[in-house]
Amino acid sequence: MKDKTNENKADPCLPGGLMPAEQWALPQTSVRRSLKDAIGHAFKQLQAGVSQAEEPFESMDELPELSASQQNRLAPEPDYSDQATAIACGLERARTEGSLSREVAFLVAPPFSGVQQALARFPEPGQSGSIESGGEEWAIILPPDTLSFDDHEANEWWDRQDLSRPWVIPELADFWLRRLSGLSLVKELFRRIANGDTGAGIVGCSSWCWRYWGHYLENAQMSPWTPGPMDAERLGAWFTYLASGSGKSTVIARMTGDGYYVLPLAETDENEKDKDSKKRKYSNFLRDLAATSRGNPGVALAIWQRSLRARPDDDTKLEDADEKTEKQSQTADCWVVPLERLSLPTMPQSKESVTGFVLHGLLLHNGLDMASLEVVTGVSTYELSLVLSRLKRAELVVWEQSDERWRVTPIGYPTVRRHLQSWGFPVDQF
């Protein structure tokens, strides 16, 4: 099969570009490295000499976690407006190349990929990177206050939405509930799209929601696209982009304990000559992080934020990379704790069925309030409150005040997904 990956390496806010969802594959993990690759990596590490200036490294026990200001400087949240522009460029390129033939494009991605937030900020016509839309503004379609509709009511609701002009649904999971009266809106939307009854549109959809609807309406054949997975190189480029002010400066991150480098990437370090770059020993941290996060950028960023350490007086140091002292540039901007030494969320002992129904329901629907969670799980409000309280203490779920919903946390997502799979729940392809 021809690889249709729509990769734009010049756009670091979406390093993996876009690709057909069926081409998505897990990033390779370091423990699965081929024998030849392993020998070559070891040989390069043996060849690398460490200069006297690069000898210092730090003990994790002596370094605090990043303060809020340090995290905002070294591991900030992404600008989803930039990602929206990158997605628009990727979709337009796919359409121009003939890889995307439908009027309505489906973007399916695992939770925390940033697709929903990006589509909610989709660029207007005339902006750089906006998809051709005949000069019309893209309309954001939001779900109704209630999701209980019969087929006739769902048809009337969609009639009131102007889908003849370009439109965007940031998250399809917000338009349904897993009960008979909560399916009609999505069924009617799929029918209209399949019949060609809408204009140009973009539908963002959580991979867990898509897992359900892909089986429920398997004849729909919507051929979704997805952001490419974050491998080690893409994570390194993205973390550098986030921390350095859109690539305006170099960020130095080294491992606690052995001092091996994580950033800058050896392949993209333009500020050092090859002679100096070859002296560095590089850690496999980013490769292992890509595997642990399953290439998910939001999950990887959450783990990255927790892994970073800095000196207590770092807030008083100069933040401009061009003004760093020589001693600072020889050590590190931040230090990185090995994954095996990080304290990451674990699943508390509880009734697997109840806990599983709660977590699976939250992922299927992109988060739920208590009343909706009771409806889709059949678990009483009393028992839900106890389960959610335990999961919150374990950092696996969080109550988000902004939209009054319970959601799985990005740092707890790998544990949640692994346990749901082991308990026999259907999981997404990502």
Side-chain angles (χ1 to χ4, degrees), residues 26-27 29 31 60-61 63-68 71 75-78 109-114 116 206-208 229-230 235 239 256 285-309 335-368 370 373 377 379 383-402 405-428 430:
L26 278 174
T29 177
V31 297
M60 185 184 78
D61 298 332
L63 298 171
E65 294 186 5
L66 298 185
S67 66
Q71 179 172 303
E77 296 297 319
F112 318 112
S113 297
Q116 176 188 0
S206 161
S207 55
W208 291 78
M230 288 286 203
L235 278 179
F239 290 159
T256 62
F285 179 88
L286 289 178
R287 191 165 183 172
D288 293 335
L289 178 58
T292 300
S293 64
R294 298 177 64 87
N296 186 314
V299 173
L301 179 59
I303 298 175
W304 174 248
Q305 290 170 337
R306 179 159 296 190
S307 72
L308 296 185
R309 298 291 185 273
W335 300 90
V336 185
V337 178
L339 286 177
E340 62 270 16
R341 295 194 63 186
L342 274 183
S343 175
L344 298 177
T346 58
M347 188 67 63
Q349 293 294 323
S350 60
K351 293 181 181 179
E352 293 178 4
S353 59
V354 174
T355 302
F357 285 137
V358 171
L359 293 171
H360 193 248
L362 293 178
L363 290 173
L364 273 182
H365 296 92
N366 184 42
L368 291 169
M370 187 70 84
L373 190 55
T377 62
V379 180
E383 190 166 7
L384 280 176
S385 64
L386 297 179
V387 173
L388 289 169
S389 177
R390 293 195 68 190
L391 293 174
K392 182 181 179 181
R393 290 196 301 271
E395 294 186 279
L396 297 175
V397 302
V398 65
W399 170 256
E400 295 192 349
Q401 193 67 41
S402 58
R405 288 189 177 193
W406 287 97
R407 283 191 171 89
V408 173
T409 63
I411 202 162
Y413 179 68
T415 292
V416 169
R417 187 186 188 281
R418 187 167 56 251
H419 277 79
L420 285 175
Q421 188 171 33
S422 71
W423 294 338
F425 285 85
V427 298
D428 70 342
F430 303 97

Parallel, tilted or perpendicular: rings of Trp208 and Tyr413 (30°, 60°):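 Perpendicular, since the angle between the ring planes exceeds 60°.
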Pairs meeting criterion salt bridge (charged side-chain N to carboxylate O under 4.0 Å, His left out) with involvement of residues 358-367, two or more places apart: none
Selection residues 353-362 - residue pairs positive for salt bridge (charged side-chain N to carboxylate O under 4.0 Å, His left out), sequence neighbours left out: none
Side-chain touch [X]/[Y], heavy atoms, less than 4.5 angstrom:
X      : Y      : answer
Pro111 : Ser207 : yes
Val408 : Leu396 : no
Phe239 : Leu289 : yes

At what distance, to the nearest 0.5 angstrom, does [atom1] of [X] lie from [atom2] of [Y]?
X      : Y      : atom1 : atom2 : answer
Leu235 : Leu301 : CG    : CG    : 9.5 Å
Met347 : Arg390 : CE    : CZ    : 10.5 Å
Asp428 : Gln421 : CG    : CD    : 9.5 Å
Leu363 : Phe425 : CG    : CZ    : 11.0 Å
Gln71  : Arg306 : CD    : CZ    : 10.5 Å
Trp399 : Ser389 : CH2   : OG    : 14.0 Å

Taking every non-hydrogen atom, the tightest pair across [X] and [Y]:
X      : Y      : result
Leu368 : Gly361 : CD1-O, 3.7 Å
Leu388 : Met370 : CD1-CE, 3.7 Å
Ala394 : Pro348 : CB-CD, 4.0 Å

Side chain to side chain contact (heavy atoms under 4.5 Å, CB included) between Ile303 and Leu339, worked out: CA-CA 9 Å; Ile303 298 175; Leu339 286 177; 3.7 Å; yes
Under the side chain to side chain contact (heavy atoms under 4.5 Å, CB included) test, residues paired with [X] that sit two or more places apart:
X      : result
Thr377 : Phe357, Leu373, Val379, Leu384
Pro297 : Ser113, Met230, Trp238
Pro410 : Phe112, Ala302
Arg294 : Leu26, Arg417

Under 3.5 Å: donor-acceptor pair, side chain of His360, backbone of Pro426: yes
Polar side-chain atom of Thr409 near backbone of Glu395 as donor-acceptor pair, under 3.5 Å: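 Judged by distance alone, yes, a pair lies under 3.5 Å.
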Residue pair Leu344, Thr415: steps toward the side chain to side chain contact (heavy atoms under 4.5 Å, CB included) verdict: CA-CA 9 Å; Leu344 298 177; Thr415 292; 6.0 Å; no
Pair Ser422-Arg418, side-chain donor/acceptor within less than 3.5 Å: no
Steps toward side chain to side chain contact (heavy atoms under 4.5 Å, CB included) verdict (Val299, Ile411): CA-CA 6 Å; Val299 173; Ile411 202 162; over 6 Å; no
Working for side chain to side chain contact (heavy atoms under 4.5 Å, CB included), residues Val358 and Val397: CA-CA 10 Å; Val358 171; Val397 302; 5.9 Å; no
